[in-house]
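First up is the structure itself, then whatever we jot down about it.
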Protein chains: 2
Amino acid sequence: MVSRVESAAATRRALLDAAADLLDSGGPGAVTLREVGARAGVTRGAPYRHFPDKDSLLTAVAAEALDRLADQAQDVRTDPQAPPADKLRRALSALMTIGRRQPHLYRLMFTSPAGDPAAIHAATQAGDRAQDEFLAIVGDLVGAQHTSRYAALLLTSVHGITDMEVSGHLSADKWHITAEELVSTLVSMIDRQTRSG
Amino acid sequence: MVSRVESAAATRRALLDAAADLLDSGGPGAVTLREVGARAGVTRGAPYRHFPDKDSLLTAVAAEALDRLADQAQDVRTDPQAPPADKLRRALSALMTIGRRQPHLYRLMFTSPAGDPAAIHAATQAGDRAQDEFLAIVGDLVGAQHTSRYAALLLTSVHGITDMEVSGHLSADKWHITAEELVSTLVSMIDRQTRSG
DNA sequence: CAGTTTCAGATGACGTTGTCACCTTAACAA
DNA sequence: TTGTTAAGGTGACAACGTCATCTGAAACTG
């Protein structure tokens, strides 16, 4: 009933899910290959049949998250109804939501990928796809000649806002401003800029 | 010649320096208390006489780096010669330089501090001081009513630019723009904004 | 100055973890 | 049916964080 490849694929999936759960609960240090194996219903050594080492497993988790983000961005971009400005807002919001709901995963996604070359390649590819979607969304909004500049500025800035919020370095007490206000300030500045210049 | 407190202080300094060196060379994972002790001329257990655990040691390293950054920012801010716009550029440049020269330290500085409450408090304090200096520098430039909004935007954005450059997610091939260009775009946008509105 | 306290540091030990070498077993291909 | 392959199990090892305990000398107290 269950072919060998099916069973192996299911195990691999269970390993990735378990690793993601442990990552969420306590960061990369909380991900132990033994616990990952146990939660996937296998033993310590089994994960090494699917991932060459721990770094590669974590990088695979990051790659999947980047892929999901790229999918979300693609869905937003190809929505025929929404106006470009809404698309941008939704794409940025998707990124910030990951940061808030899964801070450890978010940090992992924006770390230099480690592990074996194949894992690194997969994560890089997924990250590139997410960036390309984002680039296209911004391009639809600001026009071709401004795209690269403002897409890069938006993405890096929103990442910085999210990252500092996640790590607690954007305290409302000191700054008297929320992450959302920062993003909308930035977006409207760029909007004004691209209209006038 | 060497009193007990002097010797202890020297050891503590050597431990912090060794930890910082190991951090630079390979990230937090490369910092082992055994190697830290060895480089400081003591044995495995000795670091525990100065730091309750590894997290507290790393947080102390981050706190010192944040303190140095705050000092740099303060030097810039109190320079009687430089025009406010130059001060901002120099302060932002100081931040980005840490990212480029000591990427692992940079990541550590922008992570939620871990370890014992005293270590966390020290790091938070140092970070707050650095942020206050930035706030004051931006305030001198854009005026009081815009300070909080644009200071936060500048700091978070430049952090995001630096962080993505450091982690390799800001490849020149894809974005056709450098970190410097992004920062200067942002600064001139804010400049235009505060002049006109 | 003698006795006591304190504390940096040394050492032995323990549990956990990543990783490897080797073995087993069941699915597949011939 | 038989040989091959690959997933998974198991034992082992070194490295690591951490703790309990011990030691010696500096600092303090009377």
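Chain letters run A, B, ... following the sequence lines, proteins first and then strands; every chain starts at 1.
- Below 30°, between 30° and 60°, or above 60°: for B/H169 and A/F110 the angle between ring planes is between 30° and 60°, a tilted geometry.
- A/G26 approaches A/H104 most closely through the heavy-atom pair C-NE2, 3.9 Å.
- Heavy-atom distances to DNA chain D give each of A/V42 and A/R34 a nearest nucleotide, and the one nearer the 5′ end belongs to A/V42.
- Annotation: proximity of residues 15-33 of chain A to DNA chain D (heavy atom, distance under 4.0 Å) is found for no residue.
- Residues B/G37 and B/L15 share a closest heavy-atom pair of CA-CD2, 4.2 Å.
- In this entry the distance linking CG of B/D55 with P of D/dC16 reads 16 Å, nearest Å.
- B/S56 places a side-chain N or O within 3.5 Å of a backbone atom of B/D116 that can act as its donor or acceptor partner.
- Residues A/D24 and A/R101 are not paired through a salt bridge, judged by the lack of any N-O separation under 4.0 Å between the basic side chain and the carboxylate.
- For the side chain to side chain contact (heavy atoms under 4.5 Å, CB included) with B/V31, the qualifying choice from B/L58, B/L108, B/D21 is B/L58, the only one to do so.
- With values rounded to the nearest 0.5 angstrom, B/R39 atom CZ is found 9.0 Å from B/T32 atom OG1.
- Of all the residues in residues 44-54 of chain B, B/Y48, B/R49, B/D53, B/K54 reach under 4.0 Å from DNA chain D with at least one non-hydrogen atom.
- For the pair B/L58 CG and D/dG17 C1', the computed distance is 12 Å after rounding to whole Å.
- Residue B/T11 has a polar side-chain atom (N or O) positioned under 4.0 Å from OP1 or OP2 of C/dG9.
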N/O to N/O distances under 3.5 Å, protein versus nucleotides 28-30 of chain C:
residue	atom	partner	partner atom	Å
C/dC28	OP1	A/R4	N	3.4

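- For the pair B/E180 and B/R100, the salt-bridge criterion is met [side-chain N within less than 4.0 Å of a carboxylate O].
- Not a single donor-acceptor pair under 3.5 Å links the side chain of B/S157 to the backbone N or O of B/L154.
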Intermediate values then yes/no, side-chain contact (heavy atoms from CB on, under 4.5 Å), B/L135 and B/T147 = CA-CA 7 Å; B/L135 207 65; B/T147 301; 4.2 Å; yes
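- For the atom pair A/R77 CZ and A/R90 CZ, the distance stands at 13.0 Å (nearest 0.5 Å).
- Here the P atom of nucleotide D/dG17 and the CD atom of B/E35 are 11 Å apart, to the nearest Å.
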